[in-house]
Amino acid sequence: MFLGYKQQLYQNALLDGYSVHMGDCVSFQLTFNCTGTDSEAECTADKITSVNIRFRPGKQMKEALAKATFVAR
């Protein structure tokens with residue numbers, strides 16, 4: 001139940017235009033693509049062609065990834 005509540009909070013924050021930070025580990029934000037317009041007034045939500053979620057590792061995650069080792073199998 002608690003995870004569902006947190007998930008809903010994160011989704012709402014992203015959809016409201018906020019970045020979601022999970023400590024020093026990771027953050028997420030939405031990005032979008034749209035068709036170009038000649039003026040700011042023409043720039044409306046219906047011009048959005050796709051929405052993506054961007055994952056950005058934080059300092060803690062980058063440090064952990066830097067220590068990763070790989071073994072051939």
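Residue indices begin at 1 and follow the sequence shown. Since the model is a prediction, treat every value here as computed from it, not as a measurement.
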- Query: In Å and rounded to the nearest 0.5 Å, what is the CG to CZ distance from L14 to R54?
  - Reply: 13.5 Å
- Message: Tell me the closest heavy-atom pair linking P57 and K62, and the distance in Å.
- Response: O-CE, 3.4 Å
- State which residue, out of T35, T37, I48, fulfils the side-chain contact (heavy atoms from CB on, under 4.5 Å) condition with C43. T37
- Message: Which heavy atom of F55 sits nearest to which heavy atom of V26, and what is that distance?
- Response: CE1-CG2, 2.8 Å
- Honestly curious: do Y18 and M22 fall in one hydrophobic cluster under the side-chain, below-4.5 Å linking rule? no
- Message: Grouping I, L, V, M, F, W and Y whenever their side-chain heavy atoms are under 4.5 Å apart, do L15 and L9 come out in a common cluster?
- Response: no
- Query: Which pair of heavy atoms, one from Q29 and one from S19, lies closest together, and at what distance?
  - Reply: CB-OG, 3.5 Å
- Rounded to the nearest 0.5 Å, what's the gap from CZ on R56 to NE2 on H21? Could you check? 6.5 Å
- Item | N52: side chain to side chain contact (heavy atoms under 4.5 Å, CB included) partners, not counting sequence neighbours | T31, N33, S50
- Under the 3.5 angstrom rule, does the side chain of Q8 hit a backbone N or O of Y5 as a donor-acceptor pair? no
- Query: If two hydrophobic side chains count as joined below 4.5 Å and joins carry through other members, does F32 share a cluster with L30?
  - Reply: yes
- Message: Please enumerate all residues that pass ring pair (Phe, Tyr, Trp, His ring centres under 6.0 Å) together with F70, with sequence neighbours excluded.
- Response: none
- Query: If you measure from CD on Q11 to CG on D16, what distance do you get to the nearest 0.5 Å?
  - Reply: 11.5 Å
